[in-house]
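Naming convention: chains lettered A, B, ... in sequence-line order (proteins, then strands); numbering from 1 in each chain. As the structure is a prediction and not an experimental result, all values here were calculated from the model.
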There are 2 protein chains.
Amino acid sequence: METGLEFDTRSKLLKAAVVQFGKYGFAGTSVRKIADEAGVNHGSIKYHYSSKDELWRSAVAYLYELLDKTVHADEAKWKDMTPRERIINSATHYIRFSAKHPELSRIVFFETMHESERLDWLTENYIRPYTSRAIARTALAQEEGVYPADIPAMNMHYINIAAAKNIFLMAPEIKRAFDIDVFDDEQIDAHIDAVLKLLLPPINHSSDDALAKKKNDLPNVD
Amino acid sequence: METGLEFDTRSKLLKAAVVQFGKYGFAGTSVRKIADEAGVNHGSIKYHYSSKDELWRSAVAYLYELLDKTVHADEAKWKDMTPRERIINSATHYIRFSAKHPELSRIVFFETMHESERLDWLTENYIRPYTSRAIARTALAQEEGVYPADIPAMNMHYINIAAAKNIFLMAPEIKRAFDIDVFDDEQIDAHIDAVLKLLLPPINHSSDDALAKKKNDLPNVD
DNA sequence: TCTATTTTGATACGATCGGATAAATCACAT
DNA sequence: ATGTGATTTATCCGATCGTATCAAAATAGA
């Protein structure tokens with residue numbers, strides 16, 4: 001898998017940091033382990049990134065850039081879509097990203113559990129702006145009749161993103177308890193299908209065929 | 001708030017462990033910090049619990065017992081309920097528990113992110129049996145027409161629990177970004193309402209009043 | 001009140017942590 | 001080929017980690 005992070009020491013460190021922070025969180029990850037996984041001397045971290053904190057911030061920034069590019073991949077086509085199609089498009093992109101890079105949600109989760117300067121930074125630079133826009137879009141979709149209107153937009157939003165990514169966050173548990181790999185392509189597709197069916201009420205003026213037809217145009221993130 | 005854990009050193013340690021492990025996970029929590037929060041000497045942990053690992057397991061067991069008691073509080077009345085009422089009843093109990101003791105979900109999340117002996121123990125003793133039963137109940141509810149039937153029960157289940165508890169897991173983030181305390185009673189009620197509206201399709205043979213009426217009988221966990 | 005047992009407190013240990021330092025090595029222009 | 005700045009490596013430091021030890025203190029039963 002090409003990620004553009006295989007070349008120099010700095011990139012190898014960033015890649016290893018994403019993996020380690022995504023598995024063990026900030027406190028559970030040691031810079032020595034990151035350096036080992038990257039195959040470099042641990043002193044290099046101090047050189048390329050001034051501290052463990054800076055490396056963590058760089059990993060978060062890298063993942064958020066990926067998320068941004070992924071979710072907005074079809075932005076140019078949005079103007080030709082109905083509101084419902086836009087929701088389906090971005091939800092599908094979001095779920096595929098959650099499957100491909102569960103590290104971002106995991107890193108955010110680790111920090112969201114308690115107060116810290118990292119959570120300050122995370123909230124100010126990413127969570128607040130991203131979530132504000134997402135909730136605004138949710139509210140708009142409610143006005144447009146895509147989502148149910150009798151639910152607070154904030155609850156709707158947090159239910160949506162939880163439904164989308166939870167199964168990938170808990171992948172090790174599901175693998176262990178039921179021997180199911182939720183990262184398999186069929187599983188990802190099944191999950192996209194399940195989320196859309198559950199959270200998007202059926203279109204009232206036409207049959208299910210309309211939704212089924214749209215689904216063939218769903219984006220693929222690779 | 002009475003929890004029955006305020007009395008002796010052992011109980012104070014367990015209570016502090018629940019809080020600390022719930023905030024910082026196993027790796028992020030030091031036994032010295034737990035002892036400080038409990039107001040006892042950190043050597044006492046070795047005496048009452050043989051190790052940090054044992055203390056963690058005790059905290060998990062304590063929380064799962066609480067969950068079990070909470071979710072099955074109305075079990076005796078289940079035989080007089082319709083399938084839909086049973087789902088509403090247990091979902092409501094589950095959401096109230098998630099709001100009252102977010103530590104359990106958080107501790108499980110911390111461990112679910114990576115492989116470990118603690119995850120082995122957790123899966124074998126709690127996650128697998130609990131989740132198996134929950135998925136079986138979900139499948140049954142699908143057969144009974146309470147949940148949509150065209151979604152795999154596993155996806156349905158993980159979407160359900162994610163929708164129910166995610167907002168409480170991310171409470172610090174929501175507080176920080178939007179100054180909303182999701183643990184307020186109104187917020188909890190609003191969230192229960194939102195989850196039930198979103199994930200339980202409307203009853204086809206009657207109006208919404210039937211659902212609204214049932215809601216007055218919803219259980220309260222205190 | 002004496003004694004046996006339980007519980008707590010003070011301290012020490014080896015390991016590992018993040019970070020700092022300086023020497024060694026490398027890439028590359030002149 | 002040589003010098004120079006960029007990068008890597010090898011160590012070291014103080015702090016903190018989990019845990020072990022053992023005496024002091026508290027407690028309970030006779």
Side-chain angles (χ1 to χ4, degrees), chain A residues 4-60 107 110-111 113-122, chain B residues 4-60 107 110-111 113-122:
Chain A
L5 291 182
E6 297 85 4
F7 310 121
D8 52 9
T9 297
R10 187 182 166 87
S11 298
K12 283 190 284 190
L13 279 173
L14 185 61
K15 185 180 186 178
V18 164
V19 173
Q20 295 300 310
F21 286 137
K23 280 187 180 174
Y24 306 103
F26 184 85
T29 300
S30 75
V31 294
R32 283 173 172 84
K33 186 75 192 333
I34 293 175
D36 282 353
E37 294 293 316
V40 306
N41 188 282
H42 85 271
S44 296
I45 289 181
K46 170 78 161 69
Y47 178 76
H48 287 285
Y49 304 89
S50 62
S51 67
K52 182 186 181 184
D53 237 272
E54 267 303 309
L55 177 54
W56 180 88
R57 283 171 160 82
S58 299
V60 170
I107 290 174
F110 276 114
E111 297 303 320
M113 306 288 181
H114 60 274
E115 311 283 334
S116 70
E117 287 197 15
R118 285 188 303 281
L119 183 56
D120 288 336
W121 177 87
L122 196 57
Chain B
L5 291 181
E6 297 85 4
F7 310 122
D8 52 8
T9 296
R10 186 181 167 88
S11 298
K12 282 190 284 189
L13 279 172
L14 185 61
K15 184 179 186 179
V18 164
V19 173
Q20 295 300 311
F21 285 136
K23 279 186 182 176
Y24 307 102
F26 184 85
T29 299
S30 75
V31 294
R32 283 173 172 83
K33 186 76 191 337
I34 293 175
D36 281 353
E37 294 293 315
V40 306
N41 188 282
H42 82 272
S44 296
I45 289 181
K46 171 79 163 69
Y47 177 77
H48 287 285
Y49 304 89
S50 62
S51 67
K52 183 186 180 184
D53 237 272
E54 267 302 306
L55 177 54
W56 181 87
R57 284 171 160 83
S58 300
V60 170
I107 290 174
F110 277 114
E111 296 305 319
M113 307 288 182
H114 60 273
E115 312 282 334
S116 71
E117 286 197 14
R118 284 189 304 281
L119 183 56
D120 288 337
W121 177 87
L122 196 57

- request: Mind calculating the distance between CD1 (A:I45) and C1' (D:dA10) to the nearest angstrom?
  value: 15 Å
Integer-rounded Å distance: D:dA25 C1' and B:Y47 OH: 13 Å
- request: Give me the residues of residues 20-31 of chain A where at least one heavy atom lies under 4.0 Å from an atom of DNA chain C, by number, or none.
  value: A:T29, A:S30, A:V31
statement: From the candidates D:dC12, D:dT7, D:dT9, the one with an atom nearest any side-chain atom of A:R32 is D:dC12
task: Take A:K12 and A:D8 through the salt bridge (Lys or Arg N to Asp or Glu O under 4.0 Å) test and state the conclusion after the steps.
output: CA-CA 6 Å; A:K12 283 190 284 190; A:D8 52 9; over 6 Å; no
query: Starting at the 5' end of DNA chain C, which residue's closest nucleotide do you reach first, A:D53 or B:H42?
result: B:H42
Atom-pair distance (CG on A:L13; C1' on D:dT7), nearest Å: 12 Å
task: Could you tell me whether B:R32 and B:D36 have a side-chain N and a carboxylate O separated by less than 4.0 Å?
output: no
For nucleotides 21-23 of chain D, list the nitrogen or oxygen atoms of the protein found under 3.5 Å from its nitrogen or oxygen atoms, one pair per line.
none

field: Rounded distance (nearest 0.5 Å) linking atom CG of B:D53 with atom CD of B:E117
entry: 8.0 Å
field: Residues which pass side chain to side chain donor-acceptor pair (under 3.5 Å) with A:E54, listed by chain and number, not counting sequence neighbours
entry: none
- prompt: Would A:F26 and A:F110 satisfy ring pair (Phe, Tyr, Trp, His ring centres under 6.0 Å), going step by step from the backbone distance to the final call?
  reply: CA-CA 8 Å; A:F26 184 85; A:F110 276 114; over 10 Å; no
field: B:V60 side chain reached by B:F21 side chain, heavy atoms, under 4.5 Å
entry: no
- prompt: In chain order, what residues pass the ring-ring contact (aromatic ring centres under 6.0 Å, His included) check against A:Y24, with sequence neighbours excluded?
  reply: B:H114
message: Applying side chain to side chain contact (heavy atoms under 4.5 Å, CB included) to A:E111 and A:S116, what does each step give before you reach the verdict?
response: CA-CA 8 Å; A:E111 297 303 320; A:S116 70; 3.6 Å; yes
- prompt: Which of these nucleotides, D:dG18, D:dT7, D:dT11, is closest to any side-chain atom of B:K52?
  reply: D:dG18
- line: side chain to side chain contact (heavy atoms under 4.5 Å, CB included) filter on B:H48, not counting sequence neighbours, yields B:T9, B:R10, B:L13, B:S44
query: Which nucleotide of DNA chain C is the first, and which the last, in the 5' to 3' direction, to come under 4.0 Å of a heavy atom belonging to chain B?
result: C:dT6 to C:dA12
query: Could you state the CD-P distance from B:E54 to D:dT19, rounded to the nearest angstrom?
result: 11 Å
message: What is the separation between atom CG on B:N41 and atom P on D:dA20, rounded to the nearest whole Å?
response: 15 Å
Side-chain donor or acceptor of B:K33 paired with backbone N/O of B:G28 under 3.5 Å: no
task: Please check the phosphate of D:dT7 (OP1 and OP2 only) for any side-chain N or O of A:T9 closer than 4.0 Å.
output: no
- prompt: Can you tell me how far P of D:dT19 sits from CG of B:L55, to the nearest Å?
  reply: 10 Å
query: Distance-only, no hydrogens or angles: does the A:K23 side chain make a donor-acceptor pair with backbone N or O of A:T29 under 3.5 Å?
result: no
